[in-house]
Q: 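Just dropping this structure here.
Because only heavy atoms are used, hydrogens play no part in the values below, and waters and symmetry mates are left out as well, while side chains stay in. None of these values were measured; they are calculated from a predicted model. Each residue takes its place number in the sequence, starting with 1.
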Amino acid sequence: MIRVLLVEDDKNLCFILKSSLEQMIGGYEVTTAPNGREGLELLEQKTFDVIVSDVEMPVMDGMTMVQHIRQRHPRLAIIFITGLTTARDVINGYQSGADFYIKKPFLPEELNAHIQAVLKMKQNAPAPQTMDVPAEEEYAIGNYRFLPSQHQLCHGTERQALTPKEAKILEILCRRKGQVVRRDDLLTAVWETADFYSSRSLDVFITKLRKYLSQDPAVSLKSLKGVGICLTDK
């Protein structure tokens, strides 16, 4: 039984999705919440396999909720369902920590397909303790210390919290410091796809990482057009 937390303020859509997943498609146990705050409260009380959430909601929106979730549950599967459809909306959705972004309207069968895909992706992803780099590994980037397992970038007494995707990108670049990492390699490792939206999202993440590393002039994060990304600290 796949346990789903459905966070959606539209009562009719909530009813349709819950009924379809549990009764028509089957194999699901769906718990609903009308906003992000109640979604977080339910997550403290129960264990879920996947979060399916709207973005625009009262009390607490979906992106704010997901940012809170990612601090404690970096590997939990999260899918956004939303009417926000611009490229910027999609980028913001992935940047906040979502694994998939489904644009409304959609069929329950489509949601089922996305849930199955994201759970398969999470199942096949290596657990932190089986990664090539030990969980306690840290990297020196100029005057910075990067703690990938904690999603922390430290500079003196300052600590910058990173999103899971920011940490993953930076970890890959640190492993190959001084080398050019192909964009497609980064996209495949982080998003498992090299489509337009993930490529645009990568540009946003690189810009943010460059800002985080700006306090040390020796650190350089260069985007080489048509080639890839290179991190250096000399």
Q: Among the clusters formed by ILVMFWY side chains lying less than 4.5 Å apart, do Ile78 and Leu84 turn up in the same one?
A: yes
Q: Apply the test side chain to side chain contact (heavy atoms under 4.5 Å, CB included) to residues Val90 and Lys103: give CA-CA distance (whole Å), side-chain angles for both, the deciding distance (0.1 Å), then the verdict.
A: CA-CA 9 Å; Val90 175; Lys103 300 175 183 179; 3.9 Å; yes
Q: Just checking Phe15: does its CZ atom have more than 12 heavy atoms from other residues, nucleotides or ligands closer to it than 6.0 angstrom?
A: no
Q: Give a yes or no on whether the backbone of His155 and the side-chain of Glu158 come within a donor-acceptor separation of less than 3.5 Å.
A: no
Q: For Glu56, give me all partners under salt bridge (Lys or Arg N to Asp or Glu O under 4.0 Å), at least two apart in sequence or on another chain.
A: none
Q: For Leu43 and His73, what are the C-alpha separation, side-chain angles and deciding distance, and is it a side chain to side chain contact (heavy atoms under 4.5 Å, CB included)?
A: CA-CA 10 Å; Leu43 189 56; His73 305 279; 3.8 Å; yes
Q: At their closest point, which heavy atom of Tyr28 faces which heavy atom of Leu21, and how far apart are they?
A: CD1-O, 3.3 Å
Q: Can any side-chain N or O of Tyr139 pair as donor or acceptor with the backbone N or O of Pro148 at less than 3.5 Å?
A: no
Q: Partners of His151 by ring-ring contact (aromatic ring centres under 6.0 Å, His included), sequence neighbours excluded?
A: none
Q: Kindly determine whether Leu13 and Lys104 satisfy side chain to side chain contact (heavy atoms under 4.5 Å, CB included), including the steps that lead there.
A: CA-CA 11 Å; Leu13 180 57; Lys104 298 178 180 177; 3.8 Å; yes
Q: Taking Arg183 for its side chain and Ser199 for its backbone only, find out whether a donor-acceptor pair lies under 3.5 Å.
A: yes
Q: Specify the closest pair of heavy atoms between Ser223 and Ile229, including all atoms of both residues, with the distance to one decimal.
A: OG-CD1, 3.5 Å
Q: What's the shortest heavy-atom distance between Gly39 and Val7, and which atoms?
A: CA-CG2, 4.3 Å
Q: Listed by chain and number, what are the side-chain hydrogen bond (donor to acceptor under 3.5 Å, both in side chains) partners of Asp233, not counting sequence neighbours?
A: Lys177
Q: Name all residues meeting the side-chain hydrogen bond (donor to acceptor under 3.5 Å, both in side chains) criterion together with Asn35; count only those two or more places apart in sequence or in a different chain, and write none if there are none.
A: none
Q: Run through Leu173, Leu221, Leu231, Thr232 and flag the one making a side chain to side chain contact (heavy atoms under 4.5 Å, CB included) with Ile141.
A: Leu231
Q: Closest approach of Leu147 and Cys154, non-hydrogen atoms and distance?
A: CD1-SG, 4.1 Å
Q: If you compare all heavy atoms of Tyr144 against all heavy atoms of Gln215, which two are closest, and at what distance to 0.1 Å?
A: OH-N, 2.9 Å
Q: Would you indicate whether Arg200, at its atom CZ, is surrounded by more than 12 heavy atoms from other residues, nucleotides or ligands within a distance under 6.0 Å?
A: no
Q: Return the minimal non-hydrogen interatomic distance between Asp10 and Asn12, and the atom names on each side.
A: OD1-N, 3.0 Å
Q: Please verify the inter-ring angle class for Tyr101 with Phe80; under 30° counts as parallel, over 60° as perpendicular, anything in between as tilted.
A: perpendicular
Q: Are any of the side-chain heavy atoms of Ile81 and Leu6 separated by less than 4.5 Å?
A: yes
Q: Just by distance, do the side chain of Ser214 and the backbone of Lys211 share a donor-acceptor pair under 3.5 Å?
A: yes
Q: Can you list every pair that meets salt bridge (charged side-chain N to carboxylate O under 4.0 Å, His left out) and has a residue in residues 82-101, with sequence neighbours left out?
A: Arg70-Asp99, Asp99-Lys122
Q: Would you say Lys222 has more than 12 foreign heavy atoms packed within less than 6.0 Å of its NZ?
A: no
Q: As a quick check of understanding, evaluate side chain to side chain contact (heavy atoms under 4.5 Å, CB included) for Arg3 and Thr31, giving each step before the final call.
A: CA-CA 8 Å; Arg3 294 158 298 184; Thr31 302; over 6 Å; no
Q: Would you mind telling me which of Leu202, Ile172, Asp185 makes a side chain to side chain contact (heavy atoms under 4.5 Å, CB included) with Val190?
A: Ile172
Q: Once salt bridge (charged side-chain N to carboxylate O under 4.0 Å, His left out) is applied, what residue pairs with a partner in residues 34-46 remain, sequence neighbours excluded?
A: Glu29-Lys46, Glu44-Arg72
Q: Using only atom types and a distance under 3.5 Å, with no angle test, would you say the side chain of Asp49 pairs donor to acceptor with the backbone of Ile2?
A: no
Q: Do Met24 and Leu111 share a hydrophobic cluster (ILVMFWY, side-chain heavy atoms under 4.5 Å, transitive)?
A: yes
